[in-house]
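Worksheet for the structure shown next.
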Amino acid sequence: MEYFLDEQQVTVRDLARRIAEERILPLRAELDEKEEFPWEIIKELADADMFRVFIPEEYEGLGGRCLDLCLVIEELSRACGGIAISYAANALGCLPLIHHGSEEQKKKYLPQVASGSRLTAFALTESTAGSDAGNIKTSATRRDGGYVLNGTKQFITNGGEAEIYTVIAMTDPSKGSRGASALVVEKDTPGFSFGKKEQKVGIRASSTRELVFRNCTVPEENLIGREGSGFIITVRTIDRSRPGVAAQAVGIAQGALEAAVDYARKRVQFGHPISAQQAVQHMLANMATDLEAARALVYAVARNIDSGAKDFAEAAAMAKVFASDMAMRVTLDAVQIFGGAGYMKDYPVEKMMRDAKITQIYEGTNQVLRNAIALDVLKRRAMRE
Amino acid sequence: MNVVVCMKQVPESVTISGVPQGTASVRPQGKMVINPFDMYALEEGIRLKERYGGRVTAISMGPAEAEEALKEAIALGIGEAVLVCDPILEHSDTLATSYVLARCIERLERPDIVICGRQATDGDTGQVAPQLAEQLGLPFLSYVSRIEDISDGRLTAQRLVDEGHQVVQVSLPAVISVVKEINEPRLPSLRGLMQAKKAEIPRWTAPDLGLDVSKVGLDGSPTRVVNVFVPQRSQQGQMLEGSPESQVDQLLEKLRDAKVI
Ligand SMILES: Cc1cc2nc3c(=O)[nH]c(=O)nc-3n(C[C@H](O)[C@H](O)[C@H](O)COP(=O)(O)OP(=O)(O)OC[C@H]3O[C@@H](n4cnc5c(N)ncnc54)[C@H](O)[C@@H]3O)c2cc1C
């Protein structure tokens, strides 16, 4: 379908597609198998200016539009969801700086991110605080013009590989969710180390790791926004980044659909390609229809954000829920169309199925997001009474 | 360091729909791309600029559409580009082409190194680079697979030869042709692509270069392509059958018949 992308968006999409096809495709199976961080591809993406896409022009970026970023994530995910998230997590990691950082913080960090010379990550989740993010225990205590961090973050994408971390920690536990703050912590800060590296079902090329803070002191100027604004920053950040996860889902599903179509045309049973079977055709039709619907929603939400809209949280959640559920169905059906071959590592669809699953879980599980969407739906009705 | 890279546009081999028969004046139809060997020349030019500073300019002689190829070169990181474009240059052979390129290079700031791809995938002659060196009166190194060092006005390079590698030194300025072993060409960058879209590529005509028209085009070309044809596939392979022992016997007999042993 024609989405009326502008010239820059077409350029961004086409180059991302070229990188995916020429550089990622030949490597994806090996990186998945070895659970290896895709440094070689990250370097290619940096050289190609892909890290500039999500950074504003003033800080050596190319505008920082959400749709442009979604296009890159979608194209990379079409080849490998794991590599795509290793890239996309950088946008998540520096969104707090872009929207809530001081001019000095932006000048210091954003050009480094734009050039791809330093990766970023966003650290909220802890063992006791997943969906219940308000229950984080990591503390940041004010002392001698700085903050001393103690605690452990878990499941942090780009953990260990990134050099700039936005960490959400409690500066005043007595205030509950109003006592959290966002802080920049750089790799190699004394007291900051990395714990367990997770072994995962999917997106295995990405790194998911524990961050351990033991009396880790950062200077006062590393506070993003005001003290106590940590949760507001978190919510706004994830609202903005959810279309990216949705785009990841769309890309993974696109890759699965293409693989399934190719296979269905080639695989002969009962004297005909299986694509001649109506049962298979209808599966393909549903996959293509769901996929296009998800893509249209994701692009619409991204455009909405780019237009400067303030009120996009619900739409962003919808895009993430719809696209990720779609990707799970589409990749499962792709495996089904491949039959036994689909269950084997020789073909790419089992990896896509494994990769798709995460999109229903991170940046808010689909259950939690449905709670939020339902709340908005009901609130709107109640307000009319 | 001042580098000039010579490049041309060719039909992409995978998209060519059959070779036109007859004389060479028909161009095969297909998507036009930068001659694959020139990609290595462009990459090496950009690397030299990154390593030693200075400028790198891509030049091409070709039809107006060749501007696309030069824009692609700019997207990769080539600073400047010039298209030599004039209807009277059509059907120039390698000698005429090298004459035109030489005159074009003489109009640019004097280069330290001129880099060409080893050959173009359409004509496949590999003659333009050495002829260009001759036209410019410069030393020539063919099949360069590695630039080892550039210092004190000399270039040390590895050449790919049948028996292995040869390390040679040449005084600069010089013309070199490069093989695919020399590097891995990069992909363009977004900023490069955006710059390329806006770039205005100067077009130089025969009068601009003060060309002697008797040395260019079909009439100025000493060589003529008399015929272009698809070679007959000769099916000379023969499968021997039977037990391994009898196959060996049959093979020996055939080798003796052929007076090879
Ligand atoms: C690969 C990976 C990468 C990640 N990257 C990052 C990262 O970079 N930074 C970061 O901070 N975090 C990251 N996370 C954490 C991720 O966001 C959380 O895992 C996610 O929010 C869910 O939290 P949880 O795992 O604790 O699950 P839980 O909160 O324990 O949820 C378990 C189940 O209960 C359901 N549930 C919980 N509460 C409710 C409720 N109120 N209503 C209905 N259902 C509910 C959930 O939907 C889920 O099905 C990552 C996780 C993974 C797996």
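Side chains included, hydrogens not; waters and symmetry mates left out as well; all remaining heavy atoms used. So you know, we letter chains A, B, ... as the sequences are listed, proteins then strands, and number each from 1.
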Task: Closest non-hydrogen atom pair between A:Arg18 and B:Pro188, with its separation - done: NH1-CD, 3.5 Å

Greater than 12 external heavy atoms within 6.0 Å of [X]'s [atom1]:
X: B:Glu50; atom1: CD; value: yes
X: A:Lys187; atom1: NZ; value: yes
X: B:Glu200; atom1: CD; value: no
X: A:Glu21; atom1: CD; value: yes
X: A:Tyr347; atom1: OH; value: no
X: B:Lys197; atom1: NZ; value: yes

Where along [range] does a heavy atom come under 4.5 Å of chain B, listed by residue number?
range: residues 7-16 of chain A; result: A:Glu7, A:Gln8, A:Thr11, A:Val12, A:Leu15
range: residues 42-55 of chain A; result: A:Glu44, A:Asp47, A:Ala48, A:Asp49, A:Met50, A:Arg52, A:Val53
range: residues 64-98 of chain A; result: none

TODO: Pull out the residues in residues 141-179 of chain B that come under 4.5 Å of chain A, heavy atom to heavy atom, sorted by number.
DONE: none

